Amino acid sequence: MKFVIANDHAAIELKETLKNWLESEGHEVTDLGAATGESVDYPDKAVEAAKVFLAGGYDHGIVCCGTGIGISITANKVKGIRCALPQNVYAAAMAKEHNNCQFIAFGGRIEYPQSPVEMLKAYLDTEYGGTDRHDRRVNKIMSAEEI
Ligand code: RB5
């Protein structure tokens, strides 16, 4: 699969961990993230990743900042993006099964109960449920973009 990944200065190590794991699994990763400790603004990184994703050719986007909060909020403000900020492996799987999120966010300064790699794996190993009720709710999420 093809991934676009972006991060700010607070999640460089986390981004490297996720990227290395994805590449070791045979995935292709476009890295738009900060590579040095120099401070960058997470909204810029979220918008860059979202635009690249929406231009086509990618399966998923991954965005990381210190908490994952600012960068996921921003990604979700770009029309067409559904970005999850899961707390654990269960939520990461549900982000796909129930919400059909194409983006997932993590925090480089957060201590997760399971590792972000395990969470990412759960997200990727899970299929969208695709039932009428999930379709209806996901469509309602997307309709909220018009408010
Ligand atoms: C940067 O210091 C920090 O605010 C950012 O990485 C993120 O946690 C924001 O939500």
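Treat the numbers as computed from the prediction; the structure is a model and nothing was measured. Order of appearance sets the numbers: ligands from 1, and atoms from 1 within every ligand.
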Please confirm whether the backbone N or O of [Y] pairs with a side-chain atom of [X], one donor and one acceptor, at under 3.5 Å?
| X | Y | value |
| --- | --- | --- |
| Glu38 | His9 | no |
| Asn99 | Cys101 | no |
| Gln114 | Asn88 | no |
| Tyr128 | His134 | yes |
| Asp8 | Asp41 | no |

If we only count N/O pairs under 3.5 Å, is [X] in contact with ligand 1?
| X | result |
| --- | --- |
| Asp8 | yes |
| Ile71 | no |
| Cys65 | no |

Nearest protein heavy atom to [atom], by residue and atom, and its distance?
| atom | value |
| --- | --- |
| atom 10 (O) of ligand 1 | Gly70 N, 2.9 Å |
| atom 2 (O) of ligand 1 | Arg109 NH1, 3.4 Å |
| atom 1 (C) of ligand 1 | His9 NE2, 3.7 Å |
| atom 9 (C) of ligand 1 | Tyr42 CE2, 3.4 Å |
| atom 8 (O) of ligand 1 | Thr67 N, 3.0 Å |

For this session: Could you tell me which atoms of ligand 1, counted from 1 in the order shown, lie closer than 4.0 angstrom to a heavy atom of Ala10?
Result: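 Listed by number with element, the hits are 6 (O).
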
Exercise. Counting each atom of ligand 1 from 1 as listed, which ones have a heavy atom of Gly66 under 4.0 Å away?
Worked result: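 Under 4.0 Å from Gly66, ligand 1 has these atoms: 5 (C), 6 (O), 7 (C), 8 (O).
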
Problem set entry | Ring-face cation contact, Tyr123 with Lys96, 6.0 Å cut, 45° max |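 The answer is yes; both the distance and angle limits are met.
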
Exercise. Mind checking whether Phe3 and Tyr58 have ring centres under 6.0 Å apart?
Worked result: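 Ring-ring flag for Phe3/Tyr58: false, centres at least 6.0 Å apart.
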
